[in-house]
Every structure is written in C-alpha cells, then in structure tokens.
Amino acid sequence: MSFQPRDWRIHPPHLYEGYRSTVLRAPSQPLVPLTGALSEHQGPAFTAAPREEADLTRNGRVNGEPLGERIIVTGRVLDEDARPVAGTLVELWQANAAGRYIHKADQHDAPLDPNFLGAGRCVTDAEGRYRFLTIKPGAYPWRNHPNAWRPQHIHFSLFGPAFATRLVTQMYFPGDPLHGLDPMFNSVPDPAARERLIARFSLDITEPEVALGYEFDIVLRGRLATPMEG
Ligand SMILES: [Fe+2]
C-alpha cells in the first residue's frame with residue numbers, strides 16, 4: 001500500500017493562526033515520513049455494526065426520547081474515481097440539540113440530554129453508503145476569540161483499511177450564518193473545498209412525519225477530496 005501526500009490546497013494546514021489551539025499543537029519541525037512499518041499498513045476488517053448504533057435517537061435512551069429536531073444523515077464514501085468504498089467504519093460524534101457534549105471538558109452552560117449520547121457508528125454497504133438517524137446539533141461557544149461560536153456540525157471519522165488511513169472531518173449544515181465566522185471552517189484554503197463540507201438538504205431522503213434528510217458524500221482522495229483534519 002502506498003500513501004499519497006496531502007494536497008494542501010484542499011486540506012487545512014496544521015497551523016492556522018485564527019484557530020488558536022493549532023498554534024500550540026502544530027508541529028514546529030518538518031514532518032518525518034513513516035513508511036514501511038507493518039502497523040501502518042494493518043488494521044481491523046469491518047463487516048457490520050449493530051443497526052442500533054447508527055440510530056442516535058435510540059442508542060442513548062434512558063427514560064425517553066432525546067430532545068431536538070430529528071434528522072437523517074446519509075451519503076456515500078467514495079475514492080478519487082467516485083468508486084464506492086465498501087466496508088469502512090464510519091463513526092460520528094456531536095453535540096446535543098442544546099449545543100452540549102457529554103464530556104468533562106465541555107462545561108458550556110447548556111443542558112445535557114439524559115437520553116442522548118451523541119455518538120454512533122456504522123459500516124458502509126456495497127455502494128459505500130452510510131446512514132444515521134440523529135438529532136440536529138446546536139451551535140456552541142468555544143472561547144477561541146471573543147464571542148466565538150461553532151456552527152452546527154457533526155464530526156466524522158472514517159477508518160479505512162489500516163490504522164494510518166483513518167481520516168477525520170466535520171459536516172456542516174446549509175445556510176448557517178456562522179460559517180463565514182468560523183476559523184475551523186475557514187482554515188480550509190479552497191472555497192470550493194469548503195463547500196464540500198456542507199451537507200445538502202434532500203427532500204428525497206426526508207421521511208414524512210419522521211425526520212429531515214441531509215446528504216453528505218465523503219471523498220477520500222483526489223481533486224474533489226473532502227477536506228480532512230490533521
Ligand atoms: Fe464539535
């Protein structure tokens with residue numbers, strides 16, 4: 001297996017001044033390529049995940065339904081030639097409808113939802129498709145700069161065939177007024193690549209009386225790659 005170097009016209013740089021924590025964590029020395037290590041080329045093979053793990057409206061229930069707007073998030077994982085990538089583990093994590101994560105580092109003064117875990121996973125089918133039922137996440141403040149708010153977003157991880165191929169990105173929602181103000185979103189240098197981080201509303205995916213539908217295809221490589229985090 002050979003790994004292609006990142007196209008930095010598409011992906012956000014390790015260091016982006018406006019995104020404050022990158023100043024501390026970005027490497028200050030040139031990167032050392034790791035090649036040939038067996039551990040880089042191996043990983044678990046995924047066949048399927050239990051269906052309920054893709055339903056975030058159920059997988060964290062304690063005594064009722066989670067609060068907020070139900071949404072379906074689905075799409076395909078594709079390679080650089082638009083071929084489907086089957087059997088890849090897709091994990092997602094997100095804030096609840098009030099903009100709060102279940103995490104001790106998240107002390108935002110917004111309510112936790114006892115019936116919402118905010119994490120799920122599934123494995124892509126033969127067409128490369130994944131599908132989640134979840135709750136639309138709320139925007140939340142993050143103290144990066146005065147009055148800083150993250151747009152509504154969902155974090156995605158794609159595992160790939162080996163540990164070295166794991167990719168992480170974020171999906172945003174159409175029409176969010178916070179996009180233009182968000183340093184994470186704007187750290188993607190190419191405006192067209194930035195647009196690829198925004199899901200598309202779809203009435204075809206929307207289920208009557210159940211949930212609005214959003215489509216988010218994830219392209220792993222090439223000219224139309226989805227921007228990935230470092
Ligand atoms: Fe987040």
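Heavy atoms only: backbone and side chains are in, while hydrogens, waters and symmetry mates are out. Because the structure is a prediction, the values reported are computed rather than measured. We count ligands from 1, going down the list as the structure has it; atoms in each ligand are counted the same way.
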Original post:
So, do I198 and H179 sit near enough that their side-chain heavy atoms are less than 4.5 Å apart?
Top reply: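 Yes, side chains in contact.
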Original post:
When the ring planes of Y19 and W142 are compared, do they come out parallel, tilted or perpendicular, using 30° and 60° as the limits?
Top reply: perpendicular
Original post:
Is there an N/O/S atom in Q94 at a distance below 2.8 Å from the Fe ion (ligand 1)?
Top reply: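 So Q94 does not count as coordinating the Fe ion (ligand 1).
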Subject >> Residue H155 atom name (nearest to the Fe ion (ligand 1); N/O/S) >> reply: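 Going by distance to the Fe ion (ligand 1), the closest N, O or S atom in H155 is NE2.
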Original post:
Within the distance-only criterion (no hydrogens, no angle test), does the side chain of D113 pair as donor or acceptor with the backbone N or O of E65 below 3.5 angstrom?
Top reply: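 Looks like no, no N/O pair under 3.5 Å.
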Original post:
What angle, to the nearest 10°, do the atoms OH (Y101) and NE2 (H153) form about the Fe ion (ligand 1)?
Top reply: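 Computed angle, vertex at the Fe ion (ligand 1), rounded to 10 degrees: 110°.
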Subject >> Spacing of CG belonging to N115 relative to CG belonging to N63, to within rounding of 0.5 Å >> reply: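 Interatomic distance, N115 CG to N63 CG, rounded to 0.5 Å: 4.5 Å.
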